[in-house]
Amino acid sequence: MKTSPAVTSGVPGMQDMSVKSSPILRPALVLFTVLTLICGIIYPLVVTGIGKVAFADKAAGSLIIQNSKVVGSSLIGQEFSAPQYFWGRLSATSPMPYNATSSGGSNFGPSNPALIDAVKGRIAALKAADPTNELPIPVDLVTASGSGMDPEISLAAAYYQAARVARQRNLGVDAVRAIIEAKQETRSMGFLGEPRINVLELNLALDQKH
């Protein structure tokens, strides 16, 4: 009686494929493990270490500390609306201005009624806070930045508000202008950007001196 040959696999060539795939699988796993260690552990640790040594302040978030207390970051703006303080730019973040977890602009076009209303409202607020100021209002005081986080204003925007701040603090305008000049930041590398001033640092300097 003849017997049928044993069936070793339901799919022809399956054994050959398993044998051939093992030399390919092993190098792939080794490469995956090595790259994970380099890119996921070693590289981040090295970069973080270099940052903390060479750029300690920036690596920690550029925090502003006053009286042993963190009062903000020089990279993120804060809202000021009291007349004795310099005001920063508008912020379109929600649900509140300068919300660091919701960075972004309003995405309103120049003809959008909502943008026009926001600009008109800001102009009205600036006029109400300083009715005798006849200087042209700098554009950065009535518009928001693309990130909604801009911590700085132009020198023109600071000087525009100097008379109001001086009057509210019973100071001479020259004294306030001197603080602006002391706190201003020049162009990066001498030619990039425009002279500017950090609003939070300016207001803190005012509180410390007056």
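Predicted, not measured: the structure shown is a model, and the values here were computed from it.
- Transitive grouping of hydrophobic side chains (ILVMFWY, heavy atoms separated by less than 4.5 Å) brings L141 and L135 into a common cluster.
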side-chain contact (heavy atoms from CB on, under 4.5 Å) evaluation trace for E194 with R187: CA-CA 5 Å; E194 294 293 332; R187 290 180 173 91; 3.0 Å; yes
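- Under the 3.5 Å distance criterion, the side-chain polar atoms of Q161 are matched with a main-chain donor or acceptor of W87.
- Residues T36 and I41 have side chains not in contact (no heavy-atom distance under 4.5 Å, counting atoms from C-beta outward).
- Sorted pairs that involve residues 51-76 and meet salt bridge (Lys or Arg N to Asp or Glu O under 4.0 Å), not counting sequence neighbours, are lacking altogether.
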- request: Go through L126 and D130 one step at a time and tell me if the side-chain contact (heavy atoms from CB on, under 4.5 Å) criterion holds.
  value: CA-CA 6 Å; L126 289 167; D130 193 6; over 6 Å; no
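- Contact check for T186 versus P195: no side-chain heavy atoms found under the 4.5 Å cut-off.
- The side-chain heavy atoms of V70 and I64, taken from C-beta on, include no pair separated by under 4.5 Å.
- Evaluation of the side chain to side chain contact (heavy atoms under 4.5 Å, CB included) rule for L90 yields R122, A144 as partners, not counting sequence neighbours.
- Residues F80 and L200 have side chains in contact (heavy-atom distance under 4.5 Å, counting atoms from C-beta outward).
- A heavy-atom distance below 4.5 Å is not found between the side chains of S154 and R196.
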- request: Evaluate the criterion side-chain contact (heavy atoms from CB on, under 4.5 Å) for residue pair Y159 and E181; output intermediate values, then yes/no.
  value: CA-CA 10 Å; Y159 287 131; E181 292 169 4; 3.2 Å; yes
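- Between V30 and P27 there is no side-chain heavy-atom pair separated by less than 4.5 Å.
- The nearest pair of heavy atoms linking A129 to P131 is C-CD, 3.8 Å.
- When all heavy atoms are compared, the tightest approach of I116 to S111 is CD1-O, 4.0 Å.
- Atom CG of L45 is separated from atom CD1 of I42 by 8.5 Å, given to the nearest 0.5 angstrom.
- Closest non-hydrogen pair, A114 versus F108, comes out as CB-CE1, 3.5 Å.
- Salt-bridge check for R169 with D207: passed, with a basic side-chain N closer than 4.0 Å to an acidic carboxylate O.
- Between T143 and V139, the closest heavy-atom pair is OG1-O, 2.9 Å.
- Two different hydrophobic clusters hold L75 and F86 under the rule that ILVMFWY side chains link at heavy-atom gaps under 4.5 Å.
- Defined by atom type and a distance below 3.5 Å, a donor-acceptor pair is missing between the side-chain atoms of S74 and N198.
- Between the side chain of D140 and the backbone N or O of I153 there is no donor-acceptor pair closer than 3.5 Å.
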Steps toward side-chain contact (heavy atoms from CB on, under 4.5 Å) verdict (Q66, L204): CA-CA 9 Å; Q66 189 177 57; L204 289 174; 3.4 Å; yes
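- A donor-acceptor distance shorter than 3.5 angstrom exists from the side chain of Q78 to the backbone of V71, with no hydrogens or angles considered.
- Closest of all the heavy-atom pairs between V119 and V142 is CG2-O, 3.4 Å.
- Between the CG atom of L155 and the CZ atom of R177 there is a distance of 10.0 Å, given to the nearest 0.5 Å.
- Across all non-hydrogen atoms, the minimal contact from C39 to P44 is O-CD, 3.3 Å.
- Separation of atoms CD1 (I179) and CD (Q208) is listed at 10.0 Å; rounding is to 0.5 Å.
- At distances below 3.5 Å, at least one donor-acceptor pair connects side-chain atoms of S103 with backbone N or O atoms of S147.
- To the nearest 0.5 Å, atom CG of residue N112 and atom CG of residue D117 are 9.0 Å apart.
- For the atom pair CE (M149) and CZ (R89), the distance works out to 12.5 Å, reported to the nearest 0.5 Å.
- Following chains of ILVMFWY side-chain contacts shorter than 4.5 Å, one can reach L206 starting from V199, so the two form part of one hydrophobic cluster.
- The backbone N or O of S102 lies less than 3.5 Å from no partner atom in the side chain of T93, so there is not a single donor-acceptor pair.
- In this structure, the side chain of N133 does not engage the main chain of R164 through any donor-acceptor pair within 3.5 Å.
- Within the 4.5 Å cutoff, the side chain of E79 has no heavy atoms near those of the Y85 side chain.
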